[in-house]
Amino acid sequence: MKTTFALVDCNNFYVSCERVFSPHLDGRPVIVMSNNDGCVVSRSDEVKALGIGMGQPIYQVRDIIRQNNVALYSSNYTLYGDMSRRVMETLGQFTPDIEIYSIDEAFLDLGGMPAADYAVLGQRIQETVKQWTGIPVSVGIGTTKTLAKLANQLAKRFPRTGGVLDLTDSSRLPNALASTPVEKIWGVGPRFTRRLRRAGIRNGLQLHDADDRWIRHVRGVMGLRTVHELRGITCFALDESPPPRQGIAHTRTFSRRVTRLDELREAAAAYATRAAEKLRQQKMAAGVVTIFVMTNLFEAKPRRFFKTRTFELPTPSSDTTVLIHLATRGVEEVFREGYEYKKAGVLLNSLVPEEQAPRSLFDSENWVRSRTLMQVIDSLNARYPSGTVGFAAAGLERTWQAKFRLRSPRFTTCWEELPVVRAS
DNA sequence: TCTGGGGTCCTAGGACCC
DNA sequence: TCTGGGGTCCTAGGACCC
């Protein structure tokens, strides 16, 4: 039996989240910025029309922003994460066969539905999500994930589709493929695009017809799978329960240049704290800790510096104090005087489920104590504003910490920041 | 002056072994 | 100047994704 996938994708997701709670932004150009308010990560249609690119540094578009009265927002991941959960729960009403692919996208397996109904179903999904969450979505339907992605893009590109496009009818496929530049195909990145264009392959249809052996040669099995998917052969199945994470990372750019060891040490401790929290949320323990520090990448060579240090733990741990200890020690070892550091990070690897983590016979008492302490800290930080209980090693002032100057309130997850409605 | 963060998968090549 | 042939495991780096 042929499978049928729908890809539901939230339109300009972060911007749409802001608009749910600030309806006056409708029709006005809106940008959501990355951490540290550095570059553009979400754009309203009006901003796209102004020619502002995804990922563009804010300082490059200051003039356009001013001249066009663009509304600027810092990232509010608490809000976006919660809105995402609402959208996904709504999608779950339509089928249990759902893969949450990213914060703003999900694949649905429509296997059981009769073919004539796909577009109608897509419209119902769209209307329901809009009504229940306020978020506008586009729905693309195809016989493989790659084709569902393609359908979704076309649904967004052509307003007359109303944001829903069914490409399972194979007679429409050649046209759809031919009108799509090759770099817009899911799985084709900048590198592969250059290679394809040199070979005269410019659109999706030409890629669909490309020679298998040549594709295998220049882009390996992943490239071949993408081409097969364009032909309707399923290579990427619906993944309803993604395997547990292989690694957890917390890396951040500083708000300013950092030159002192004690500040870097603070940052490492703060990042280790966050990484350990994520680790415990997933009920995992880490066997390997890596830290890195680096200067500005855009700096000229002699002023550029990047160094990492990796530790293997005797037994996997999710204890913040253990991870802070290693992270700060790592920073001390790699620190080199005379550089201006711009970014640091803590990476946790060799993850194992917490309960399976082997532990020595002799410190089971310590283990229980450590776990109890972590549970208390986590529950306090869940109940009261995050960071209520912290570690002194992570510093108090944290003047190096990235700023979110233009962040909207956490409307849906924080009692103090609920939206206020006035009736008159 | 100002340029994000967090992932996955695959491949090539080295180390090591028989 | 010659200097086997595999296999496995691990790591670094490339490419891609949102």
Side-chain angles (χ1 to χ4, degrees), chain A residues 7-14 31-43 52-63 65 72-77 80-81 84 99-107 145-146 149 152-153 182-196 215-226 229 235-236 239 242-257 271 274-275 278-279 282 288 290 292 294-299 304 306 308 310 312 340 342-351 401-405:
Chain A
L7 175 67
V8 182
D9 189 326
C10 302
N11 302 343
N12 314 330
F13 182 55
Y14 298 168
I31 285 176
V32 174
M33 299 175 287
S34 64
N35 278 333
N36 233 358
D37 298 343
C39 41
V40 177
V41 291
S42 183
R43 305 164 293 161
I52 293 177
M54 180 69 174
Q56 222 175 342
I58 292 293
Y59 75 90
Q60 285 179 2
V61 290
R62 284 264 175 240
D63 290 344
I65 288 172
L72 283 181
Y73 283 86
S74 304
S75 294
N76 185 344
Y77 291 110
Y80 311 150
S84 172
E99 173 187 345
I100 298 173
Y101 179 69
S102 73
I103 194 167
D104 69 338
E105 281 173 70
F107 288 102
K145 283 182 169 180
T146 305
K149 269 277 201 188
N152 191 294
Q153 259 183 48
V182 81
E183 64 269 25
K184 302 274 185 194
I185 303 288
W186 191 42
V188 178
R191 197 71 182 240
F192 193 24
T193 298
R194 277 201 298 277
R195 197 77 175 76
L196 289 168
I215 296 289
R216 176 77 177 76
H217 176 242
V218 302
R219 186 63 189 91
V221 291
M222 288 305 278
L224 201 53
R225 283 181 198 155
T226 294
E229 285 243 321
C235 299
F236 305 120
D239 200 352
R245 293 240 171 293
Q246 293 180 15
I248 286 174
H250 191 77
T251 72
R252 285 285 178 282
T253 304
F254 304 131
S255 57
R256 56 170 170 83
R257 296 194 191 90
Y271 297 174
R274 262 309 288 152
K278 292 189 212 171
L279 193 60
Q282 308 199 17
V288 168
T290 302
F292 72 83
M294 62 191 280
T295 55
N296 193 336
L297 275 179
F298 301 91
E299 199 78 70
R304 227 185 292 167
F306 174 87
T308 75
T310 298
E312 255 176 71
E340 294 180 330
K342 192 60 184 151
K343 184 175 179 176
V346 172
L347 297 85
L348 306 178
N349 281 292
S350 297
L351 305 187
Q401 197 164 46
K403 305 283 187 293
F404 297 83
R405 292 185 185 83

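Quick note on labels: first sequence line is chain A, next is B, and so on, each numbered from 1.
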| note | Closest heavy-atom pair, A:Asn152 versus A:Leu7, reported as atoms and distance to 0.1 Å, is ND2-O, 2.8 Å
| task | Could you check whether A:Ile103 gets within reach of a base, just the sugar-phosphate, or nothing at all, counting any heavy atom under 4.0 Å? | result | nothing
| task | Could you check if a side-chain atom of A:Tyr73 sits within less than 4.5 angstrom of a side-chain atom of A:Phe404, using non-hydrogen atoms only? | result | no
| Which part of the nucleic acid does A:Gly247 contact within heavy-atom distance under 4.0 Å: base, sugar-phosphate only, or nothing? | sugar-phosphate
| task | Return one dot-bracket line describing DNA chain C 5' to 3' (Watson-Crick or G-U wobble pairs, both distances under 3.5 Å; ( ) same strand, [ ] crossing, | another strand, . none). | result | ....||||||||||||||
| Who pairs with A:Glu99 by side chain to side chain donor-acceptor pair (under 3.5 Å), at least two apart in sequence or on another chain? | A:Lys145
| message | Considering every strand and a 4.0 Å limit on heavy-atom distances, what is the contact class for A:Ile185: base, sugar-phosphate, or nothing? | response | sugar-phosphate
| task | Give a yes or no on whether the backbone of A:Met33 and the side-chain of A:Ser75 come within a donor-acceptor separation of less than 3.5 Å. | result | yes
| note | Bounded by its outermost nucleotides with an atom under 4.0 Å from a heavy atom of chain A, the footprint on DNA chain C reads C:dA15 to C:dC18
| Closest-nucleotide ordering on DNA chain B, the 5'-leading residue of A:Met222 and A:Thr253 | A:Thr253
| Would you call the rings of A:Phe107 and A:Tyr101 parallel, tilted or perpendicular if under 30° counts as parallel and over 60° as perpendicular? | perpendicular
| query | Looking for any heavy atom pair under 4.0 Å, which part of the strands does A:Arg257 touch: base, sugar-phosphate only, or nothing? | reply | sugar-phosphate
| Which part of the nucleic acid, if any, lies within reach of A:Lys149 when heavy atoms closer than 4.0 Å are counted: base, sugar-phosphate only, or nothing? | sugar-phosphate
| request: Output the residues of residues 31-42 of chain A in contact with DNA chain C, where contact means a heavy atom of the residue under 4.0 Å from an atom of the strand; sort by number or write none. | output: none
| salt bridge (Lys or Arg N to Asp or Glu O under 4.0 Å) partners of A:Arg274, counting only residues at least two apart | A:Glu277
| In this structure, are over 12 heavy atoms from other groups packed under 6.0 Å from A:Lys184 atom NZ? | no
| field | Closest contact, heavy atoms only, A:Cys235 versus A:Glu229 | value | N-OE2, 2.8 Å
| query | Which part of the nucleic acid, if any, lies within contact of A:Arg274, taking any heavy atom under 4.0 Å across all strands shown: a base, the sugar-phosphate backbone alone, or nothing? | reply | nothing
| remark: Scanning both residues in full, the closest heavy-atom pair of A:Val346 with A:Ala275 reads CG1-CB, 4.4 Å
| task | Indicate, with a heavy-atom threshold strictly under 4.0 Å, whether A:Gln246 touches base, sugar-phosphate, or nothing. | result | sugar-phosphate
| said: Using a 4.0 Å heavy-atom cut-off, does A:Arg219 contact any base of the nucleic acid, only the sugar-phosphate backbone, or nothing at all? | reply: sugar-phosphate
| request: Select base, sugar-phosphate, or nothing to describe what A:Gln60 touches, counting heavy atoms under 4.0 Å on all strands. | output: nothing
| message | Rounding to an integer number of angstrom, what distance separates B:dG4 and C:dC17 when you compare their C1' atoms? | response | 15 Å
Please list, one pair per line, the donor and acceptor atoms closer than 3.5 Å that link side chains of residues 245-256 of chain A to other protein atoms, with sequence neighbours excluded.
{"from": "A:Ser255", "atom 1": "OG", "to": "A:Thr399", "atom 2": "O", "distance (Å)": "3.0"}
{"from": "A:Ser255", "atom 1": "OG", "to": "A:Trp400", "atom 2": "O", "distance (Å)": "3.2"}
{"from": "A:Ser255", "atom 1": "OG", "to": "A:Gln401", "atom 2": "O", "distance (Å)": "3.3"}
{"from": "A:Arg256", "atom 1": "NH2", "to": "A:Glu263", "atom 2": "OE2", "distance (Å)": "2.8"}
{"from": "A:Arg256", "atom 1": "NH2", "to": "A:Thr399", "atom 2": "OG1", "distance (Å)": "2.5"}

| request: For A:Gln60, look at atom CD and say whether over 12 heavy atoms of other residues, nucleotides or ligands are found less than 6.0 Å away. | output: yes
